[in-house]
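Nothing here was measured: the structure is a model prediction, and the numbers come from that model. Heavy atoms only: backbone and side chains are in, while hydrogens, waters and symmetry mates are out. Here is the naming used below: chain letters follow the sequence lines, and residue numbers restart at 1 for every chain.
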Amino acid sequence: MCGRFQLKISTSLLARIFNAVSTVENFETRGEIFPSNDSPVLINDPQQANSRRLGLMKWGFQFSGSKKLIINARSETIAEKPLFKDSFHQRRCLIPAQAFYEWSGPSGNKIKHQIRGENEEIFALAGLYKKFDFENEDSWRFTIITTEANEEIAEIHDRMPVIITKDDISSWLDPKGEKTELKSLLQPFAGRLSIEPPPAQRLF
DNA sequence: CCAGACGTTGTT
DNA sequence: GTCTGG
DNA sequence: CCAGACGTTGTT
DNA sequence: GTCTGG
């Protein structure tokens, strides 16, 4: 899954890297991003085709009347679940992250692993976004899509966030994207990762 | 119509 | 809030 | 996501 | 157990 990630970079640089127009003036980065925090999110400009925007959104969908934040969406079911369906069709986004975190070990004695790209590339995590109008808030929120862990991550966890590679960014954000093609992008990461600390050694 | 679910992960 | 099931 | 708090009154 | 803060 993905319950925390890292981002420590100016939004203007981030916008340049992802070829987007930034709507964020001065995002105070905390470095580590937690559920409920605001973080920059990349979307396709709804007003203008092929124009990317970078804007702040809050991490976590929510049911009205519930306090629980829904910070992940299973890739296997996003096309059917009522909470995610319309977002999957019309409001897909990417969440820039320089690392994400997974935990291993028993509760009370958990080990936190930081996962980065092998050459420090900035991840584009697949996400969905949606507007929420309750709790005296009018807020745009995002959630991060998960898939099965790849071989490396499986050592510490059975799920991981979907990472969209540079070449697939336009396809994922394309408002005219075909459902089948979109789903085919939701795969466990095929490249190499760096995990720190590394997974515990297997004895056998 | 009303009641109840609506989500994921991890833990048991 | 909105959808589903009864 | 995890870690840590979870409380009030009165006195200094 | 549940809520809050980071």
In whole Å, what separates the [atom1] atom of [N] from that of [M]?
N       : M      : atom1 : answer
dT12(B) : dC2(D) : P     : 12 Å
dT9(B)  : dC1(D) : P     : 9 Å
dT8(D)  : dG1(E) : P     : 23 Å

Gap between atoms [atom1] and [atom2], on [X] and [N] respectively (whole Å):
X       : N      : atom1 : atom2 : value
K112(A) : dG6(E) : NZ    : C1'   : 10 Å
F63(A)  : dC6(B) : CZ    : P     : 7 Å
L69(A)  : dG6(E) : CG    : C1'   : 13 Å
N37(A)  : dG5(E) : CG    : P     : 12 Å
F5(A)   : dC1(D) : CZ    : P     : 15 Å
E148(A) : dT9(B) : CD    : P     : 12 Å
F61(A)  : dG1(C) : CZ    : C1'   : 14 Å
M1(A)   : dC2(D) : CE    : P     : 8 Å

Whom does dA5(B) pair with, Watson-Crick or G-U wobble, provided both distances fall under 3.5 Å? dT2(C)
Could you check whether R92(A) pairs with D174(A) (Lys NZ or Arg NE/NH1/NH2 to Asp/Glu carboxylate O, under 4.0 Å)? no
Please state whether the phosphate of [N], meaning OP1 or OP2, lies under 4.0 angstrom from any side-chain nitrogen or oxygen of [X].
X       : N      : value
K68(A)  : dG7(B) : no
S36(A)  : dT4(E) : no
K67(A)  : dG5(E) : no
R159(A) : dT9(B) : yes

Kindly point out which of [options] is positioned nearest to the side chain of [X]?
X      : options                 : value
S64(A) : dG1(C), dG6(E), dT4(E)  : dG1(C)
F84(A) : dT4(E), dG7(B), dT9(B)  : dG7(B)
R4(A)  : dT11(B), dC1(D), dT8(B) : dC1(D)
P35(A) : dT9(B), dT4(E), dG6(E)  : dG6(E)
F34(A) : dT8(B), dC1(D), dC6(B)  : dC1(D)
R74(A) : dC2(D), dG7(B), dT8(B)  : dT8(B)

Within 45° cone of F61(A) ring axis and under 6.0 Å: R141(A) NZ or CZ: no
Run the salt bridge (charged side-chain N to carboxylate O under 4.0 Å, His left out) test on E32(A) and R4(A) for me, step by step, so that the C-alpha distance in whole Å, both residues' side-chain angles and the decisive distance to 0.1 Å come before the verdict. CA-CA 7 Å; E32(A) 201 164 327; R4(A) 216 181 273 188; 3.0 Å; yes
Describe the nucleic acid contact of [X] in one word from base, sugar-phosphate, nothing, applying a heavy-atom distance below 4.0 Å.
X       : result
D158(A) : sugar-phosphate
P82(A)  : sugar-phosphate
T143(A) : nothing

Between W59(A) and Y129(A), does the ring centroid distance fall short of 6.0 Å? no
Between R52(A) and S170(A), do the side chains contain a donor N or O and an acceptor N or O under 3.5 Å apart? yes
Pick out which of K110(A), H113(A), K112(A) makes a side chain to side chain donor-acceptor pair (under 3.5 Å) with S104(A). H113(A)
